[in-house]
> 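This structure is in structure tokens; I'll ask about it shortly.
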Protein chains: 2
Amino acid sequence: MAALRRPGAGHVPSRATLVQVAAAAGVSRQTVSNVLNAPERVAPPTRDRVLLEISRLGFRPNTAARALRRRRAAALGLQVGCPDGTSLGTLTEPFLYELTVAARASDVHVVTFSAADVDDPTAEYEHLLGVRAVDGFLLTDTRHDDPRPSWLRSHAVPFASFGRVWDEPEVGEWVDVDGRTGVAVGVRHLVAQGYESIGFLGWPAGSPVGDDRREGWRSTCAELGLVTDGLEGTTTQDVHEAAAASAPLLDRLGGGGALVCASDTLALGVWTALRDRGLRPGADVGVVGFDDSPLAAAFDLTSLRQPLARIATTMLGLLTREPPAAGRRTGVLLEPSVVERSSSQRIGPPPVLPSTPGSDPTPSAATPSRPSRPAPSAATPSRPSRPASSAATPSRPSRPAMPAADTTRLT
Amino acid sequence: MAALRRPGAGHVPSRATLVQVAAAAGVSRQTVSNVLNAPERVAPPTRDRVLLEISRLGFRPNTAARALRRRRAAALGLQVGCPDGTSLGTLTEPFLYELTVAARASDVHVVTFSAADVDDPTAEYEHLLGVRAVDGFLLTDTRHDDPRPSWLRSHAVPFASFGRVWDEPEVGEWVDVDGRTGVAVGVRHLVAQGYESIGFLGWPAGSPVGDDRREGWRSTCAELGLVTDGLEGTTTQDVHEAAAASAPLLDRLGGGGALVCASDTLALGVWTALRDRGLRPGADVGVVGFDDSPLAAAFDLTSLRQPLARIATTMLGLLTREPPAAGRRTGVLLEPSVVERSSSQRIGPPPVLPSTPGSDPTPSAATPSRPSRPAPSAATPSRPSRPASSAATPSRPSRPAMPAADTTRLT
DNA sequence: CCTCGCCGTTTGAACGTTCAAGGCCAGGCG
DNA sequence: CGCCTGGCCTTGAACGTTCAAACGGCGAGG
């Protein structure tokens with residue numbers, strides 16, 4: 001294996017070391033170190049002198065030296081999966097972005113890796129720990145009987161999970177979205193928009209995520225006095241299957257009805273089914289997806305947004321703070337919010353209901369799109385399938401990229 | 001900023017250091033080091049003895065110590081972008097996977113990061129280099145007037161780019177797909193399937209990627225004696241816009257025609273336009289996309305697959321081998337291959353043409369799905385919107401997840 | 001017989017930082 | 001006056017590896 005080329009010498013910052021800064025400032029190594037790591041221990045005049053030299057010399061602490069001495073890599077591992085084709089409405093890309101932002105704030109690096117050996121899902125975890133390349137892990141896609149959480153726990157390795165650790169949900173450090181509340185929000189949103197009956201398209205019973213979301217629909221309908229009988233459909237995470245499964249529901253709902261779906265992929269299936277019938281999503285039948293994946297935006301589907309930025313910062317918080325002494329903390333549940341798009345806009349004035357606080361007066365489709373991060377202009381766009389020069393690609397007019405408050409429209 | 005928690009002591013491997021292994025094997029430090037880094041220098045009996053102790057003690061070289069002494073982090077930076085909603089048919093997720101696989105083989109880690117400051121796109125690059133956390137970078141989404149390649153070059157920082165370095169394509173280390181050849185392959189595929197006239201839906205002139213792909217269509221049609229007049233459409237990277245832009249093309253093509261698109265997103269636009277007209281993609285009008293993104297698989301769209309695995313390994317090869325002494329090498333162009341799905345299957349026996357080598361006898365849709373990596377069973381699936389328990393989610397019957405040779409069906 | 005060169009191995013030092021301990025000085029208190 | 005305390009700073013050592021140079025032994029060549 002050829003050695004990785006080294007960067008050319010001298011051009012990049014960090015030519016100076018602690019010792020050189022110390023000499024320039026007329027203090028010892030350790031004082032410079034303290035200025036960076038424990039400034040309160042250094043007298044202000046000294047501190048200022050050192051800081052001046054640090055910036056003058058362009059000093060940057062060496063990651064490797066620091067990791068060696070501190071016995072801490074300041075890095076977290078994140079497994080990226082082999083995309084198996086079902087990764088359509090997936091959030092991994094935006095979530096990864098939020099993780100890097102949160103990691104930066106915690107002075108931690110994110111190291112991505114993939115499973116080297118299919119039969120031994122923890123092998124690569126062990127490898128990264130063995131060579132001390134990471135201090136812990138960020139988990140996603142936790143499943144029932146997932147071997148990773150128990151393996152990590154038994155080896156006393158810190159981790160935080162996006163998604164409940166299903167086998168022991170009461171223990172461990174996880175963050176997840178409240179699917180039940182999320183769907184409840186979606187149902188109330190649709191009712192507020194004037195849809196008369198609300199159905200649900202989800203996955204077969206038995207999956208904790210799916211059952212949770214379905215329950216949100218059922219209980220909210222019960223609270224609002226809406227019928228649920230015959231308005232529930234079940235399908236797999238596939239656009240075509242979802243379209244087929246939605247047919248009987250659409251027959252029963254008729255115009256003025258709406259469907260909440262367990263995912264954006266399913267909602268897209270409903271969308272295609274509606275188009276095949278010559279019906280307009282929104283105007284004729286309401287559709288609400290779940291996740292607010294890029295898919296939802298592309299098809300103008302109202303969706304329940306996962307608060308990815310908060311999820312990411314919470315996960316890093318779990319890893320950077322000392323764990324509670326005894327009685328380990330349980331996981332954290334965050335609430336999704338509705339992202340309104342045209343698929344939940346009935347034409348004509350919707351009846352004013354108490355559930356929606358002062359809504360946006362934009363006529364056809366109001367889109368509170370991602371409010372959190374810096375402007376998208378410097379973003380890394382889709383790469384190959386994108387005209388390089390048309391930087392100012394005019395967005396579809398119906399989706400003005402306007403900011404909006406990240407309000408969770410709850411109940 | 002709270003310190004990152006350290007993993008619990010003693011449970012994870014790598015309890016042993018070089019010195020301990022050396023003592024156990026009765027040799028010196030350096031000999032153990034040589035066994036790992038220059039085995040040919042060590043006498044076979046000694047080598048075996050050392051290797052035995054290494055495995056017996058579970059020794060793993062410490063990444064930080066190695067990086068400090070070697071003055072090389074053995075890590076590469078990869079920027080992940082702020083998803084701006086247009087990242088629909090994007091390849092970043094599968095590409096990232098392939099990168100991690102290739103990086104593992106090169107004993108390099110991939111560190112992901114995002115732009116901290118919108119106005120200074122190279123700031124985070126400088127930071128990572130300054131603290132010596134990476135040795136170089138993997139670039140994607142290179143644009144015209146991209147400040148990164150020139151900045152990196154001027155600082156003598158190694159990098160490899162997925163996508164041409166447009167400002168100086170003759171210089172530098174990039175890997176890209178040959179859009180022109182790719183589209184040519186797509187056109188020939190459609191002709192072989194029996195479609196009589198072939199149109200093209202692309203982006204406005206001026207983008208190098210788009211112009212390249214359009215030229216592939218135009219030149220191939222010329223070679224095959226097909227008309228192109230009036231069969232070319234132009235639109236932005238948006239499903240709805242693409243659907244609208246395809247309308248006049250579909251009018252002119254009629255049944256038995258086909259469209260090659262500059263991206264899967266555009267192909268999806270055509271797909272929706274066809275459905276709105278009550279036409280069947282494939283049976284009535286052929287559609288071929290570009291990229292073979294998850295989108296294409298989900299909608300059963302034939303697409304031109306980017307050879308992501310080869311792209312990734314090539315990029316790492318560019319970074320791990322010593323650069324050529326003088327007259328720097330130019331970039332590397334790789335050829336896409338057709339992934340056949342139902343959107344290019346005419347009903348009825350297609351005329352047997354010489355261009356398609358022995359094709360798959362599967363009736364409705366043959367999908368040589370990702371052949372490269374380990375089976376998808378251990379993959380990290382879509383996370384939130386996926387029933388956790390239905391691990392064996394039955395794939396749509398028309399897309400059996402069967403392996404197939406990665407044959408590039410060229411010409 | 002001595003020297004040279006080579007092979008396999010060892011030794012000293014260094015990479016750049018932080019831990020742990022210690023030193024110095026001023027001020028407060030007995 | 002002497003002792004103790006606390007604030008500020010320095011010193012020695014260590015983290016675990018690899019570089020660079022030196023070492024001893026052995027066979028070949030002069």
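Just so we're on the same page: letters track the sequence lines, and every chain starts at 1.
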> Let's see if you can work this out: which of C/dT11, D/dT17, C/dT17 has an atom nearest to the side-chain heavy atoms of B/Q30?
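Comparing C/dT11, D/dT17, C/dT17 against the side chain of B/Q30, the answer is C/dT11.
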
> Evaluate the side-chain proximity of B/L96 to A/T112: yes if any heavy-atom separation is below 4.5 Å, no if none is.
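In short, these two side chains touch, coming nearer than 4.5 Å.
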
> Rounded off to whole Å, could you give me the CZ-to-C1' distance for the A/R71 and C/dA20 pair?
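Taking atom C1' of C/dA20 as the reference, CZ of A/R71 is at 14 Å.
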
> Please determine, for the side chain of B/S28, which listed nucleotide (C/dC15, C/dT11, C/dT17) has the closest atom?
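Closest of the options to the side chain of B/S28: C/dT11.
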
> What's the CD-C1' distance between A/E40 and D/dC9, to the nearest Å?
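Checked: the CD to C1' distance equals 14 Å.
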
> Side-chain contact, heavy-atom cut-off 4.5 Å: A/L128 with B/H109?
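Side chain of A/L128 against side chain of B/H109, heavy atoms only: contact under 4.5 Å found.
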
> Given A/Y125, which partner from the list A/F137, A/W151, A/F159 fulfils the ring-ring contact (aromatic ring centres under 6.0 Å, His included) test?
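Running ring-ring contact (aromatic ring centres under 6.0 Å, His included) over A/F137, A/W151, A/F159 with A/Y125 returns exactly one hit, A/F137.
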
> Return no unless some side-chain N or O of B/N37 is found under 4.0 Å from OP1 or OP2 of D/dT18.
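The answer is yes; a side-chain N or O of B/N37 sits under 4.0 Å from OP1 or OP2.
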
> For the helix from C/dC1-D/dG30 to C/dG30-D/dC1, how many degrees between its two end axes (five pairs per end), to the nearest 10°?
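Helix axis angle between the two ends: 70°.
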
> Of all the choices, C/dC15, C/dT9, D/dT18, which nucleotide is nearest to the side chain of B/A43 once you look at every atom?
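Of C/dC15, C/dT9, D/dT18, C/dT9 is nearest to the side chain of B/A43.
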
> Is there a donor-acceptor contact under 3.5 Å from the side chain of B/D146 to the main chain of B/R143?
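Here the side-chain-to-backbone pair exists.
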
> Among D/dT11, C/dT18, C/dG16, which nucleotide has an atom closest to any side-chain atom of A/L18?
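The listed nucleotide nearest to A/L18's side chain is C/dT18.
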
> Return the nearest nucleotide to the side chain of B/R69; candidates are C/dT9, D/dT10, C/dC15.
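Selected nucleotide: C/dC15.
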
> Looking at A/T46, does any N or O in its side chain come under 4.0 Å of the phosphate oxygens OP1/OP2 on D/dC9?
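Looking at the OP1 and OP2 atoms of D/dC9, one of them is under 4.0 Å from a side-chain N or O of A/T46.
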
> So if I take every side-chain heavy atom of A/A65 and compare against C/dG16, C/dT18, D/dT17, which nucleotide ends up nearest?
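Output: C/dG16.
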
> Between A/D176 and A/R164 (salt bridge meaning N to carboxylate O under 4.0 Å), is one present in this structure?
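A salt bridge is present here (some side-chain N lies under 4.0 Å from a carboxylate O).
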
> To the nearest Å, how far apart are B/R70 CZ and D/dG16 C1'?
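One finds 12 Å between C1' of D/dG16 and CZ of B/R70, rounded.
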
> How close or far is atom C1' of C/dG16 from atom CZ of A/R72, stated in whole angstroms?
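Going from A/R72 (CZ) to C/dG16 (C1'), I get 17 Å.
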
> Output yes when a side-chain donor or acceptor of A/R132 lies under 3.5 Å from a complementary backbone atom of B/T63, and no otherwise.
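No.
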
> Please check the phosphate of C/dT9 (OP1 and OP2 only) for any side-chain N or O of B/T31 closer than 4.0 Å.
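Indeed not, no polar side-chain atom of B/T31 lies that close.
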
> If you check every side-chain atom of A/F59, which of C/dC15, C/dT17, D/dT10 has the closest atom?
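For the A/F59 side chain, the nearest candidate turns out to be C/dT17.
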
> Take atom CG of B/N34 and atom P of D/dG16, then tell me their distance rounded to the nearest Å.
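One finds 20 Å between P of D/dG16 and CG of B/N34, rounded.
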
> Just wondering, do B/F59 and B/L36 contact through their side chains at under 4.5 Å, heavy atoms?
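The answer is yes, as the side chains (C-beta and beyond) meet within the 4.5 Å cut-off.
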
> Separation of A/D48 atom CG from D/dC8 atom P, in whole Å?
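That distance rounds to 14 Å.
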
> Between D/dC19 atom P and B/L36 atom CG, what is the distance in whole Å?
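The distance from CG of B/L36 to P of D/dC19 comes to 12 Å, rounded to the nearest Å.
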
> Look at the side-chain N and O atoms of A/R66 and state whether any lies under 4.0 Å from the OP1 or OP2 oxygen of C/dT18.
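For A/R66, the contact criterion (side-chain N or O under 4.0 Å from OP1 or OP2 of C/dT18) is met.
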
> Mapping A/L68 and A/G26 onto DNA chain D by nearest heavy atom, which one lands closer to the 5' end?
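Between the two, 5'-proximity favours A/G26.
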
> Counting N and O atoms only, with roles assigned by atom type, does the side chain of B/R72 sit under 3.5 Å from a partner on the main chain of B/D135, one being a donor and the other an acceptor?
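Such a contact is absent between B/R72 side chain and B/D135 backbone.
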
> Whole angstroms only, please: what is the CZ-C1' distance between A/R132 and D/dT17?
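In whole Å, D/dT17 C1' and A/R132 CZ are 15 Å from each other.
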
> Identify, between A/R41 and A/R29, the residue whose nearest nucleotide on DNA chain D lies closer to the 5' end.
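With A/R41 and A/R29 compared, the 5'-side residue is A/R41.
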
